A.B. asks: 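My structure is below; once you've seen it, I'll send some questions.
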There are 2 protein chains.
Amino acid sequence: MATVTDKMAQLETACREHGLPLTVQRRTILEVLADRTDHPTADQVWEAVQERMPGVSRTTVYRVLDAFVRLRLAVKAPHTGQSVRFDPRTERHHHLVCVECDRVLDLESPVLDGIRLPDTKRLGFRADDFSIHVRGVCADCRRRNR
Amino acid sequence: MATVTDKMAQLETACREHGLPLTVQRRTILEVLADRTDHPTADQVWEAVQERMPGVSRTTVYRVLDAFVRLRLAVKAPHTGQSVRFDPRTERHHHLVCVECDRVLDLESPVLDGIRLPDTKRLGFRADDFSIHVRGVCADCRRRNR
DNA sequence: CTGCCTGCAAACGATTTGCACCAGC
DNA sequence: GCTGGTGCAAATCGTTTGCAGGCAG
């Protein structure tokens, strides 16, 4: 699993390759995102960024997160709600999604990683990767339900 | 796979059990949704409903779709964008998601349906069901790319 | 210097809410 | 008739865009 340091190195490389400036905002936003495993929305990232660097605008956070996705430093995580969620982990992994509170937890499983997908070429679809989306109820919600 | 007729029967039963009125709007919206396999947004459902029954308000479509989810006549489908998508299929099935146009296609596979999930109890998570989310590029986008 | 980036404010798209009226049972 | 449903307009939430000035290379 990539560390925050690894991620920063990836950012430097990506910016250099694409001739893009390496701004302090991009550094800070990536530090915040790389640190989290809860698949935050752009607004949640913005809130966390405020603590380290007050004054960064929401707009910048939205734009920078979008740039991270294009540069493959992050991906948009599957969710069932109305705000886009970002995930700094670009390797294959899976998700436990709480249907009550919408929390998204990572699920590690080499067995699931190795699943062979059925052929989708007859549908004309080129499959690049996959992830498993497990629906259920998280520990906190189960406790709260009692 | 449930037919439109099956779905209507489910709606009647669900309304009776919960003591809820069976309105023409609910019938119409369910007819429209049950007919589609493209995981439409609420707005897309509203557009289609307009053709059969002009005058139904967006608000009603949003509220009714929400009710369908509570009554388990539909589910919210995993997606990576910013509008909620609805799926009339409540049985286990999987999705092919185009990263270029956001289209969502159903993927049938008894083999995938039978996958044994790893134990998530040690995380305190109660797993109820799962689906596989395949990322890639659909036939139309591949054609368009050339 | 020059181009891309940032912040601000306004626009936009998706969804929810308050309220008065209407329709199933 | 009573209860919950519907439509409308306004409010709210999440996100994007246009523009003027600022900073990295």
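Heavy-atom basis, side chains included; hydrogens, waters and symmetry copies ignored. Lettering follows sequence order; numbering is per chain, from 1. Everything numeric in this text was worked out from a predicted model, so none of it was measured.
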A.B. asks: Could you give the CD-to-C1' distance, from A/E47 to D/dT15, as a whole number of Å?
C.D. replies: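 Taking CD of A/E47 and C1' of D/dT15, I get 16 Å after rounding.
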A.B. asks: Using whole Å, report how far CG of B/D102 lies from P of C/dG13.
C.D. replies: 16 Å
A.B. asks: Of all residues at least two apart in sequence or in a different chain, which pass the salt bridge (Lys or Arg N to Asp or Glu O under 4.0 Å) check with B/R92?
C.D. replies: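 Residues passing salt bridge (Lys or Arg N to Asp or Glu O under 4.0 Å) with B/R92: B/D129.
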A.B. asks: May I have the distance from A/Q44 (atom CD) to D/dG14 (atom P), rounded to whole angstrom?
C.D. replies: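 Value for this atom pair: 9 Å.
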A.B. asks: Give the rounded distance in Å between these two atoms: CZ of A/R27 and P of C/dC5.
C.D. replies: 15 Å
A.B. asks: What residues form a salt bridge (Lys or Arg N to Asp or Glu O under 4.0 Å) with B/R70, not counting sequence neighbours?
C.D. replies: B/D66
A.B. asks: Can a side-chain donor-acceptor contact be found between A/D113 and A/H93 if the only test is distance below 3.5 angstrom?
C.D. replies: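 Side chains of A/H93 and A/D113: no pair found under 3.5 Å.
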A.B. asks: Take nucleotides 4-11 of chain D nucleotide by nucleotide from the 5' end and write B, S or -, depending on whether a protein heavy atom sits under 4.0 Å from the base, only from the sugar-phosphate, or from neither.
C.D. replies: SSBBBB--
A.B. asks: For A/F68 and C/dC5, what is the distance between atoms CZ and P respectively, to the nearest whole Å?
C.D. replies: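 For the pair A/F68 CZ and C/dC5 P, the rounded distance is 12 Å.
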A.B. asks: Please report the distance, rounded to the nearest Å, between CH2 in A/W46 and P in C/dG7.
C.D. replies: 11 Å
A.B. asks: Who pairs with B/H79 by side chain to side chain contact (heavy atoms under 4.5 Å, CB included), at least two apart in sequence or on another chain?
C.D. replies: A/H79, B/R85
A.B. asks: Tell me, please, which residues at least two apart from B/R52 pass salt bridge (Lys or Arg N to Asp or Glu O under 4.0 Å).
C.D. replies: B/E31, B/D35
A.B. asks: Given D/dT16, is OP1 or OP2 found less than 4.0 Å from the side-chain N or O atoms of A/Y62?
C.D. replies: no
A.B. asks: State which residues pass side chain to side chain contact (heavy atoms under 4.5 Å, CB included) with B/Q82; sequence neighbours excluded, sorted by chain then number.
C.D. replies: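 If we apply the side chain to side chain contact (heavy atoms under 4.5 Å, CB included) test to B/Q82, skipping adjacent residues, the hits are A/V84.
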A.B. asks: Linking Ile, Leu, Val, Met, Phe, Trp and Tyr by side-chain heavy atoms under 4.5 Å, what else ends up with A/L105?
C.D. replies: A/L96, A/L107, A/L112, A/I115, A/L117, A/L123, A/F125, A/F130, A/I132, A/V134, B/L96, B/L105, B/L107, B/L112, B/I115, B/L117, B/L123, B/F125, B/F130, B/I132, B/V134
A.B. asks: So what is the end-to-end bend of the helix from C/dC1-D/dG25 to C/dC25-D/dG1, with 5 pairs used at each end and the value given to 10 degrees?
C.D. replies: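 Computed from the C1' atoms at both ends, the axes differ by 40°.
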A.B. asks: In whole Å, what is the span from the CG atom of B/D43 to the P atom of C/dT16?
C.D. replies: 12 Å
A.B. asks: Which pairs, with at least one residue in residues 19-61 of chain A and sequence neighbours excluded, count as a ring pair (Phe, Tyr, Trp, His ring centres under 6.0 Å)?
C.D. replies: A/H39-A/H95
A.B. asks: Using a strict heavy-atom distance below 4.0 Å, which residues from residues 72-80 of chain B are in contact with DNA chain C?
C.D. replies: none
A.B. asks: To the nearest 0.5 Å, how far apart are CD in B/E91 and CD in B/E108?
C.D. replies: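 So the CD of B/E91 and the CD of B/E108 are separated by 8.0 Å.
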A.B. asks: Can you sort out the partners of A/R144 under salt bridge (Lys or Arg N to Asp or Glu O under 4.0 Å), two or more places apart, ordered by chain and number?
C.D. replies: none
A.B. asks: Kindly state each residue pair satisfying ring pair (Phe, Tyr, Trp, His ring centres under 6.0 Å) with at least one member in residues 7-27 of chain B, sequence neighbours excluded.
C.D. replies: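 Non-adjacent pairs meeting ring pair (Phe, Tyr, Trp, His ring centres under 6.0 Å): zero.
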A.B. asks: What is the distance, to the nearest angstrom, from the NE2 atom on A/H18 to the C1' atom on D/dG25?
C.D. replies: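 Whole-Å distance recorded here is 17 Å.
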